[in-house]
Asker: 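Once you've had a glance at the structure underneath, I'll fire off some questions.
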Amino acid sequence: MATKTLEARFEHLSVKDEKEIGNDRTYGKQKGSLSTAVSLSGLGAAQLNNSNRSHLLKLALQNTNDNKVNSMNVPASPVRSSQGARVSRNTDENGEQRTSTSLSEPSVPRELHLGMFEIGKPLGKGKFGRVYLAKERSSGFVCALKVLHKSELQQGGVQKQVRREIEIQSNLRHPNVLRLYGHFHDSKRIFLILEFAGRGELYKHLRKEHRFPEWKAAQYIAQMAAALKYLHKKHVMHRDIKPENILVGIHGEIKISDFGWSVHAPNNRRQTMCGTLDYLPPEMLKPGSQDNYYSEKVDLWSLGVLTYEFLVGEAPFEDTPVMTQRRITRADMSVPSFVSPEARDLIKKLLVLDPEKRIPLDDIQRHPWIVKHCVKEAKRSSGSSKDGKA
Ligand SMILES: Nc1ncnc2c1ncn2[C@@H]1O[C@H](COP(=O)(O)OP(=O)(O)OP(=O)(O)O)[C@@H](O)[C@H]1O
């Protein structure tokens, strides 16, 4: 089935709650033929060996289906969310209020639930979530399923950020922004159905290559500029642009991810590698700076840091935490001589202390360094398609 059709399919699914789907319950034993029990806690089945796994997962997911309550029978009172999506509030038998969000207005509402997905290999683990490759059973649509434990979100005090991430990301549609197709939850977990980024984290590619050649860096920055232009037009500022928050699609295209996490504790790897401050713009370091003291221009500063790190292999203000802060507030950095004059020019136009004086996104797309590498690439690929090459 064509991708477009499959995506459309997700857009028309309404999101409903489940009763105890995949609760920390042990499956398998009740099916006498199996001696091994599968716990779906944290989708722990991923730790099973391959021969058992697919069969047991099938059984476990089938079981969750058997236990599913048809929540569509529960009377609901529709209200509007801040994003204009229709939100229904139902009360379950435990008195727990459950909320379901309809992303669009499907003529025949369908619910999302774990049983719709075949769970594959783990893709990674974040501070609060585990991410699995998954396939929607009826369409074969491949996606990434992110599982967040409500108790962990609560402990970390990040429920609001997750809610914001869901609200923001589910309304974004751009080739360089990771899609969030939908979400659902049970009493313990929240499941996010995400676009699968086949080539994984950009951060890992950068560490492996140490630094990118100029043509590659320029193409990534052009894609970032296009994505940020789209986001800023929608009044969304990312505020946490860094290689760890960028994924790579199957065709090598970048996908910005991690929305609504700007106040989220930074990734451990970066803490241990080079501190947590590297991408912070000077206006966010000012004492007492609040959300409303800075604008979407913060993303331009981070784009400058990103351009530098792509080309040099390390961030421009990398130092001890105190020195990094000091150097950021003075824009104190030097670009190594192996970086081309055009790239250096763009970095210097982005890493400007006054947010209003940073080069605008439109001008980035017209900058000689971007034009040089992206036009060449466009010509190369149109030439190869004329030749009938892939
Ligand atoms: N859509 C996706 N496609 C492919 N891999 C993914 C996808 N989403 C996440 N991953 C992988 O799973 C890992 C964990 O992702 P997750 O979003 O939970 O955490 P994170 O953003 O890396 O870290 P943190 O939670 O600390 O911000 C990622 O680092 C990435 O390797």
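Each ligand, and each atom within it, is numbered from 1 in the order the structure gives. Positions are given from 1 along the sequence.
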Asker: For ligand 1, note which part of K125 has a heavy atom under 4.0 Å away: side chain, backbone, both or neither.
Answerer: backbone
Asker: Using the test side-chain contact (heavy atoms from CB on, under 4.5 Å), find all partners of P175 that sit at least two apart in sequence or belong to another chain.
Answerer: none
Asker: Give yes or no for whether the N/O distance cutoff of 3.5 Å, strictly under, is met between R130 and ligand 1.
Answerer: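 No: no nitrogen or oxygen of R130 is under 3.5 Å from one in ligand 1.
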Asker: Within the 4.5 Å heavy-atom criterion, are D345 and H367 side-chain neighbours or not?
Answerer: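 The answer is yes; the side chains approach within 4.5 Å.
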Asker: My understanding is that only one of E309, E314, E244 makes a salt bridge (charged side-chain N to carboxylate O under 4.0 Å, His left out) with R207; could you say which?
Answerer: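 Of the listed residues E309, E314, E244, the salt bridge (charged side-chain N to carboxylate O under 4.0 Å, His left out) partner of R207 is E309.
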Asker: Using 30° and 60° as the class boundaries, would you call the ring planes of F191 and F184 parallel, tilted or perpendicular?
Answerer: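 F191 vs F184 ring planes: parallel.
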Asker: Relative to the heavy atoms of L247, which atoms of ligand 1 are at a distance of less than 4.0 Å?
Answerer: 1 (N), 2 (C), 7 (C), 8 (N)
Asker: What I want to know is whether K204 and ligand 1 share at least one N or O pair that is separated by under 3.5 angstrom.
Answerer: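 N/O-N/O distance under 3.5 Å: no.
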Asker: Any N or O of E201 that comes nearer than 3.5 Å to an N or O of ligand 1?
Answerer: yes
Asker: Compare all side-chain heavy atoms of S170 with those of F259 and state whether any distance is below 4.5 angstrom.
Answerer: no
Asker: Need the ligand 1 atom indices (1-based, order shown) with element for anything under 4.0 Å from a heavy-atom of G129.
Answerer: 18 (O)
Asker: Under the ring-ring contact (aromatic ring centres under 6.0 Å, His included) test, which residues partner F317, sequence neighbours left out?
Answerer: W301
Asker: For A197 and ligand 1, does the shortest N/O to N/O distance drop below 3.5 Å?
Answerer: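 Yes, since at least one N or O of A197 sits under 3.5 Å from an N or O of ligand 1.
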Asker: With a cut-off of 6.0 Å (strictly less than), are more than 12 heavy atoms of other residues, nucleotides or ligands near NZ of K216?
Answerer: yes
Asker: Any N or O on D258 sitting closer than 3.5 Å to an N or O of ligand 1?
Answerer: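 Yes; at least one N/O pair falls below 3.5 Å.
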Asker: Counting heavy atoms only, which part of E244 comes closer than 4.0 Å to ligand 1: side chain, backbone, both or neither?
Answerer: neither
